[in-house]
Amino acid sequence: MFADNWKISLRQIKRLLILDIFGLSSLMLPRILSSMTGADGIFCLLFGMLGGILLVWLMQKNLKNIRGNYYNYMIDATGQIVGDIFMVFYFLYFVTLCSFVLYQTTNLVLTWLLPEGSYVWVSLLLLLLATYGTIRGIEGRARVYEIIFWFLGIPLLVMLFLALREVRVDYWTPIVSSTGENLFHGTIAFFIFLLPLTAILFLKPFCRKKDKLATCAGSALGIVTLMNGIIYLILLGVFGQNTMGILKRPIITLMSMINLPGGFFTRQDVFMTAVWFFALFALLHTGLFQSTLILKELFHESGNRYSLCVSLLVAFFLGVGFFENVFWEEIYEIYQKWIVLPGMVGILLVLPLAYHIKTTYTGRKGEK
């Protein structure tokens, strides 16, 4: 499943990254930013993009030092023990991301598609589909999501265009009225949604043009920021700050309000829910794929059976925990803000510095 002779193009990786980030961020960010900053939420997106540019720059500094895979690079730079600790950190990030997205996707299905369904059975079915995609390998995954990318993109653009007639620009005011603290928290919120970009650190062995991976991530970052900005302005112009701040999924609510010309398709909200279903499923699949890959490398497993089973079990039970305990979302938010975000940036800062010191010391020792 993780064979090195399977190579995917930069175009496929970029579309994977766009799907991974766009689905969850467009579903949750509008409510978060509106309740914090109102019309100033657009500035949070811009400032968050600057943080994303910093993240991409740090990844580029590390990618150019990677000769084999990311795990071997971490061991070369910091030693076996620290490298293993970093791998555990990445595993926990991706597996908890998988469980949280599983919880969000299952709730989306139960709310809009299967109101009488069972959380356990829906989540199990989603995990089975993600398992099948993981077994098929990264090449099959890239090809499938390249098709889904256009399946999602074209209807979304059409619906957003139709929603423009409902926008009231006076709802975009007042601007520059939020406190610096609220702007900071909104910026951090968007920055956290950009962290799945770090998946490219593990994809270098599978990529055809390895030297342009960071450029690919930067392009995906710009596209996702633009799409979220457009959606945020449309939602704010339709609902206003107060209404959007209390809607759980304002983008889905907007899709249910739009009437297509001719009235020939009255339940377009169900179809548009499927758009976000596939986008969320792409991120769920990424979390499962990455956590399985990390465990496989960490324990030097020849296959992937045990790593996949462990990732599945952890993701499923954590997902059930999110469903049964509402306060877990608050704990997850704290974990993302105070552990994952500084940890990601810290690791990407430490590795090139340690690698430079080690290679310089080794070079001088060789000369002597």
Side-chain angles (χ1 to χ4, degrees), residues 18-19 21-53 104 107-108 111-112 152-194 220-261 268-269 271-273 275-277 279-280 283 329 333 336-337:
I18 292 172
L19 283 175
I21 302 171
F22 173 74
L24 191 62
S25 62
S26 61
L27 198 66
M28 300 185 66
L29 259 181
R31 177 174 177 266
I32 295 172
L33 295 183
S34 178
S35 61
M36 286 183 179
T37 61
D40 293 338
I42 196 70
F43 298 118
C44 295
L45 294 175
L46 294 176
F47 294 148
M49 184 180 68
L50 295 178
I53 292 173
Q104 292 290 339
N107 268 345
L108 184 69
T111 303
W112 294 90
L152 303 182
I154 294 175
L156 176 61
L157 292 176
V158 172
M159 298 297 283
L160 290 177
F161 177 77
L162 294 174
L164 289 176
R165 59 189 176 186
E166 305 293 336
V167 172
R168 294 182 55 180
V169 294
D170 56 303
Y171 283 172
W172 293 350
T173 57
I175 59 173
V176 197
S177 60
S178 302
T179 64
E181 182 180 359
N182 287 338
L183 285 173
F184 174 77
H185 287 300
T187 299
I188 293 299
F190 183 47
F191 196 3
I192 288 173
F193 282 103
L194 298 176
L221 167 64
I223 292 173
V224 168
T225 303
L226 177 62
M227 294 172 67
N228 272 294
I230 293 172
I231 288 174
Y232 187 77
L233 289 176
I234 291 176
L235 289 173
L236 187 64
V238 172
F239 296 117
Q241 176 183 351
N242 294 332
T243 302
M244 189 162 70
I246 61 175
L247 292 174
K248 191 169 185 179
R249 300 178 183 91
I251 185 63
I252 301 295
T253 304
L254 176 66
M255 295 298 107
S256 66
M257 294 168 52
I258 299 173
N259 294 319
L260 293 177
Q268 69 272 9
D269 59 312
F271 177 75
M272 296 308 298
T273 300
V275 170
W276 269 268
F277 168 80
L280 289 177
L283 183 56
E329 287 192 58
E333 180 183 349
Q336 290 272 313
K337 184 181 293 186

Could you tell me which non-hydrogen atom of A279 sits nearest to which non-hydrogen atom of G23, and how far apart they are? CB-CA, 3.6 Å

Testing L236, L233, I175 one by one against I42 for a side-chain contact (heavy atoms from CB on, under 4.5 Å), which residue passes? L233

Pairing residues for Q241 by the side chain to side chain donor-acceptor pair (under 3.5 Å) criterion, not counting sequence neighbours: none

Hey, could you give me the OG/CG distance between S35 and N182, rounded to the nearest 0.5 Å? 9.0 Å

What's the shortest heavy-atom distance between S177 and D40, and which atoms? N-OD2, 2.8 Å

So, do Q104 and R249 sit near enough that their side-chain heavy atoms are less than 4.5 Å apart? yes

Taking atom CG of L160 and atom CD1 of I230, what is their separation to the nearest 0.5 Å? 7.5 Å

Heavy-atom check, side chain of F239 versus side chain of I246, under 4.5 Å: no

Hey, is the main chain of R31 close enough, under 3.5 Å, to the side chain of S34 for a donor-acceptor pair? no

Let me confirm one number: the CG-CD distance from L235 to E166, rounded to the nearest 0.5 Å. 12.5 Å

Roughly how far, to the nearest 0.5 Å, is OG1 of T187 from CD1 of I192? 11.0 Å

Measuring from atom CD of Q336 to atom CZ of F191, what distance do you get when rounded to the nearest 0.5 angstrom? 12.0 Å

L29 vs L45 side-chain heavy atoms within contact, under 4.5 Å: yes

Consider side-chain contact (heavy atoms from CB on, under 4.5 Å). Of T37, I188, V176, which one does L183 pass it with? T37

Side chain to side chain, L221 and M49, heavy atoms closer than 4.5 Å: yes

Go through the steps for F190 and N228 under the test side chain to side chain contact (heavy atoms under 4.5 Å, CB included), then give the verdict. CA-CA 10 Å; F190 183 47; N228 272 294; 4.2 Å; yes

Give me the atom names and distance for the closest heavy-atom approach of A163 to L254. CB-CD2, 4.2 Å

Identify the heavy atoms of S25 and V224 that sit nearest to each other, and give their distance. OG-CG1, 4.4 Å

How close do A189 and I32 get, heavy atom to heavy atom, and via which atoms? CB-CG2, 4.2 Å

Report the C-alpha distance between I223 and F22 in whole Å, list the side-chain angles of each, state the deciding distance to 0.1 Å, and finish with yes or no for side chain to side chain contact (heavy atoms under 4.5 Å, CB included). CA-CA 9 Å; I223 292 173; F22 173 74; over 6 Å; no

Are more than 12 heavy atoms, taken from residues, nucleotides or ligands other than F184, located less than 6.0 Å from that residue's CZ atom? no

Apply side chain to side chain contact (heavy atoms under 4.5 Å, CB included) to Y232 and M244, showing your working. CA-CA 10 Å; Y232 187 77; M244 189 162 70; 3.6 Å; yes

Please determine whether the number of non-hydrogen atoms from other residues, nucleotides or ligands lying under 6.0 Å from atom CZ of F47 exceeds 12. no

Testing the basics here: between S26 and W276, what is the closest heavy-atom pair and its distance to 0.1 Å? OG-NE1, 2.8 Å

Point-to-point distance, once rounded to the nearest 0.5 Å, from CG of L19 to CG of L280: 10.5 Å

